[in-house]
Amino acid sequence: CHTLCRMVDFNCIFILFLLSRNRTNYQNLPIPTYVTFAQLTVLTGLSFIYPINRSTFQKRAYIILEIFAVIIPKAIGVDSQLILFLALAKSCFLLIRQEVILITFFSGIGWAIATTFSVPIILDFNRANLTPLIAELNDTSFITSGVVIAEIGNYLTASVFVLLFGFVVV
């Protein structure tokens with residue numbers, strides 16, 4: 001389970017890195033880029049520490065730190081919801097069911113609050129850069145590569161979920 005979770009973490013972090021590289025995108029501005037780098041660094045560090053045989057306090061701290069590493073950057077527009085779902089899935093392995101439900105509930109509230117802060121920032125950026133965004137619509141190779149990367153990310157996410165679910169059931 002430990003090695004599989006680490007592989008899933010690394011794949012998701014790599015996919016997030018690929019998806020965050022876009023030509024005219026809010027996340028390519030300096031501050032979101034630095035926040036994304038810091039976030040991926042924290043998440044990579046956490047993927048080396050999987051507290052399967054640790055105290056309950058350390059397991060809770062691990063899950064909460066990973067969730068905060070996703071929700072706080074969301075407030076400035078750095079979206080990595082895939083990692084949030086992965087953290088919630090890991091909490092199912094580490095914590096009791098009642099704690100998982102509470103963490104899921106409060107994470108949803110935190111995500112909604114962070115989204116409330118990020119939407120005006122991203123809208124202002126998109127309004128200011130409308131011309132380059134329209135010009136990108138003419139670049140078929142750019143759109144195709146973005147769709148292919150997104151589809152690969154969707155496939156990897158779904159297949160990893162199915163495999164993890166299958167391993168738990170069997």
Side-chain angles (χ1 to χ4, degrees), residues 1-2 4-22 24-52 54-127 146 149-150 152-161 164-165 168:
C1 180
H2 182 272
L4 184 60
C5 284
R6 183 177 292 159
M7 287 181 357
V8 170
D9 276 346
F10 287 146
N11 284 330
C12 289
I13 290 169
F14 181 69
I15 290 167
L16 281 176
F17 176 75
L18 289 178
L19 291 177
S20 68
R21 303 300 93 203
N22 197 349
T24 307
N25 189 344
Y26 170 75
Q27 293 185 5
N28 283 345
L29 293 177
I31 291 178
T33 300
Y34 298 143
V35 170
T36 301
F37 179 72
Q39 177 191 35
L40 294 179
T41 302
V42 168
L43 293 172
T44 302
L46 284 174
S47 66
F48 284 109
I49 308 166
Y50 193 70
I52 194 79
R54 307 288 177 139
S55 69
T56 305
F57 173 76
Q58 289 175 325
K59 292 175 183 178
R60 286 183 195 132
Y62 175 83
I63 295 297
I64 291 171
L65 183 62
E66 189 163 9
I67 289 172
F68 276 135
V70 174
I71 290 178
I72 292 172
K74 174 63 176 167
I76 64 162
V78 177
D79 192 4
S80 54
Q81 194 171 14
L82 176 65
I83 298 292
L84 178 63
F85 292 136
L86 182 62
L88 294 175
K90 285 194 275 188
S91 70
C92 294
F93 293 106
L94 296 174
L95 304 172
I96 61 174
R97 191 170 292 175
Q98 292 84 1
E99 290 177 345
V100 172
I101 292 170
L102 283 173
I103 286 175
T104 303
F105 177 75
F106 287 115
S107 296
I109 291 172
W111 188 262
I113 291 170
T115 301
T116 303
F117 285 113
S118 69
V119 168
I121 297 168
I122 295 171
L123 284 176
D124 289 342
F125 173 81
N126 287 338
R127 284 186 197 113
I149 290 172
I152 290 171
N154 290 338
Y155 173 77
L156 286 174
T157 304
S159 62
V160 166
F161 170 75
L164 287 175
F165 183 74
V168 170

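Keep in mind it's a predicted model, so treat the numbers as computed, not measured.
- Here salt bridge (Lys or Arg N to Asp or Glu O under 4.0 Å) pairs that include residues 105-124, with residues two or more places apart or in two chains, are Asp124-Arg127.
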Query raised in the report: Under the side-chain contact (heavy atoms from CB on, under 4.5 Å) criterion, do Val70 and Gln81 qualify, and how do the steps go?
Result: CA-CA 7 Å; Val70 174; Gln81 194 171 14; over 6 Å; no
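- When all heavy atoms are compared, the tightest approach of Ala89 to Phe93 is O-CD1, 3.4 Å.
- Residue Ile101 holds its CD1 atom at 9.0 Å from SG of Cys92, rounded to the nearest 0.5 Å.
- Here salt bridge (Lys or Arg N to Asp or Glu O under 4.0 Å) pairs that include residues 94-111, with residues two or more places apart or in two chains, are Arg60-Glu99.
- Distance check, rounded to the nearest 0.5 Å: NZ of Lys59 to OH of Tyr50 gives 9.0 Å.
- Atom CZ of residue Phe106 and atom CD1 of residue Ile71 lie 12.0 Å apart, to the nearest 0.5 angstrom.
- The CD1 atom of Ile63 sits 6.5 Å away from atom CD1 of Ile103, with the distance rounded to the nearest 0.5 Å.
- Taken to the nearest 0.5 Å, the OH atom of Tyr62 stands 11.0 Å off from the CD1 atom of Ile67.
- Rounding to the nearest 0.5 Å gives a distance of 11.5 Å between CG of Leu88 and CD1 of Ile83.
- Pairing each heavy atom of Leu46 with each of Leu65, the nearest pair is CD2-CD2, 3.7 Å.
- Taking both residues in full, the closest heavy atoms of Pro73 and Val35 are given as CB-CG1, 3.6 Å, listed atom of the first, atom of the second, then distance.
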